[in-house]
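Some notes on the structure that comes next.
Quick note on labels: first sequence line is chain A, next is B, and so on, each numbered from 1. This is a predicted model, so every value here is computed, not measured.
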Amino acid sequence: MADLVHRGGYAGLGRRVGSGDGVLAVERAGLAAATVIARRGKAEEAAARLGGHLGLPVADAAKRAASPTATVLGTGPGTWLVFGAEDPGFVAGLAAALAGVAAVIDQSDGQAVLHLSGTRLPEVLEKGVRIDLDPARFTPGDVAVTSIAHIGVTLWKIDAAPTFAVALPRSYAGSFQHWLEASAGPAGLTVVSD
Amino acid sequence: MRIPCPFCGERDSDEFLSIGTVGPARPDEKASLDAFVDYLHFRDNPAAETREHWHHVHGCRQWLVVSRDTRSHTISAAEPARRSAP
Ligand SMILES: [Zn+2]
């Protein structure tokens with residue numbers, strides 16, 4: 001049997017549009033990913049065990065907790081989207097740590113992640129995001145599950161530069177990039193991927 | 001119209017699916033055909049505050065009970081359906 005090799009959702013889509021200077025989009029390929037869904041009445045215990053396992057302050061809220069090796073995003077009540085280093089043991093480790101309190105579903109082949117930055121990023125996001133991203137309202141560590149151009153996304157703010165990240169089902173990566181190129185073209189866009 | 005989701009914050013109603021009024025209860029299985037037709041097809045349409053089920057399908061995927069005035073679309077409350085009485 002052939003060995004399967006991870007291929008990011010944006011593989012082959014790297015390019016410059018316009019000046020290339022306004023927005024920088026860098027694919028974060030090769031991540032392990034999982035959804036964690038607490039069993040009925042176990043949200044608090046699941047948050048505590050998830051946080052304990054990863055060494056992070058995990059809350060049952062639309063917040064991000066992150067270390068150099070893992071990112072936990074609150075995506076719904078008792079529900080988290082978790083990213084880690086590409087390691088076959090990462091998701092299994094989560095499942096073991098959460099046995100009995102949460103369902104853990106491997107999404108490593110299902111998510112595509114971009115980090116977005118650049119001086120023109122805020123005005124570009126305004127064209128597709130319908131929630132208030134004013135720096136006073138949406139601060140580093142905030143997470144939003146919403147849609148951009150009819151594509152369901154998980155959007156989070158990493159720092160005040162601002163740097164954002166967006167995760168979406170990998171088969172929509174090309175469609176999302178189409179929106180990004182149309183919206184960021186006038187500002188200039190560079191997409192970096194494998 | 002914006003709905004204040006308890007998990008996500010205020011969101012455009014486009015992100016939600018409206019399911020309809022909270023209740024009525026499903027009739028007993030031995031109830032008459034008329035009772036089932038009424039349960040399935042007929043709803044009141046009051047000019048008043050109503051309690052409705054909305055699903056935040058393009059957000060946190062939580063079911064909400066939304067209190068909405070049908071005359072003004074004023075929403076006075078949105079709470080997780082799991083915490084409210086049926
Ligand atoms: Zn919500």
Notebook entry, point to check: Given that the side chain runs from C-beta out, which part of Thr79(A) has a heavy atom under 4.5 Å from chain B: side chain, backbone, both or neither?
Noted result: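 For Thr79(A), neither part sits under 4.5 Å from chain B.
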
Next item on the list: Determine the interplanar angle of the His55(B) and Trp63(B) rings, folded into 0 to 90°, and report it as parallel if under 30°, tilted if 30 to 60°, perpendicular if over 60°.
Entry: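 Parallel, since the angle between the ring planes stays under 30°.
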
Check: Which of the residues His58(B), Arg11(B), Glu15(B), Glu10(B) is involved in the greatest number of heavy-atom pairs with chain A at under 4.5 angstrom?
Finding: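 With the most close heavy-atom pairs to chain A, the winner is Arg11(B).
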
Checklist line | salt bridge (charged side-chain N to carboxylate O under 4.0 Å, His left out) partners for Arg120(A), two or more places apart | finding: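 Checked Arg120(A) against salt bridge (charged side-chain N to carboxylate O under 4.0 Å, His left out); matches are Glu123(A).
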
Next item on the list: Kindly write out the residues that satisfy side-chain hydrogen bond (donor to acceptor under 3.5 Å, both in side chains) with Glu49(B), not counting sequence neighbours, or none if the list is empty.
Entry: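 Glu49(B): side-chain hydrogen bond (donor to acceptor under 3.5 Å, both in side chains) contacts with Ser76(B).
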
Next item on the list: Return the option, out of Ile131(A), Thr146(A), Asp60(A), Val143(A), with the maximum number of heavy-atom pairs under 4.5 Å with chain B.
Entry: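 Max contact count across the listed options: Thr146(A).
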
Check: In terms of side-chain heavy atoms, does His73(B) have a donor or acceptor partner in Arg68(B) at a distance below 3.5 Å?
Finding: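 Yes.
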
Note to self: Regarding Asp106(A) and Ser108(A), do their side chains bring together a donor and an acceptor under 3.5 Å, going by distance alone?
What the structure shows: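 Ser108(A) and Asp106(A) do have a side-chain donor-acceptor pair below 3.5 Å.
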
Notebook entry, point to check: If contact means a heavy atom pair closer than 4.5 Å, which residues of residues 36-46 of chain B contact chain A?
Noted result: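 Within residues 36-46 of chain B, near chain A: nothing under 4.5 Å.
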
Considering only distance and modelled atom types, tabulate donor-acceptor pairs under 3.5 Å from the side chains of residues 183-190 of chain A, sequence neighbours left out.
{"unit_1": "Ser183(A)", "atom_1": "OG", "unit_2": "Trp179(A)", "atom_2": "O", "d": "2.9"}
{"unit_1": "Ser183(A)", "atom_1": "OG", "unit_2": "Trp179(A)", "atom_2": "NE1", "d": "3.0"}
{"unit_1": "Thr190(A)", "atom_1": "OG1", "unit_2": "Gly20(A)", "atom_2": "O", "d": "2.7"}

Item checked: Worked verdict on Val72(A) versus Leu54(A) for side-chain contact (heavy atoms from CB on, under 4.5 Å) -> CA-CA 9 Å; Val72(A) 179; Leu54(A) 296 173; 3.6 Å; yes

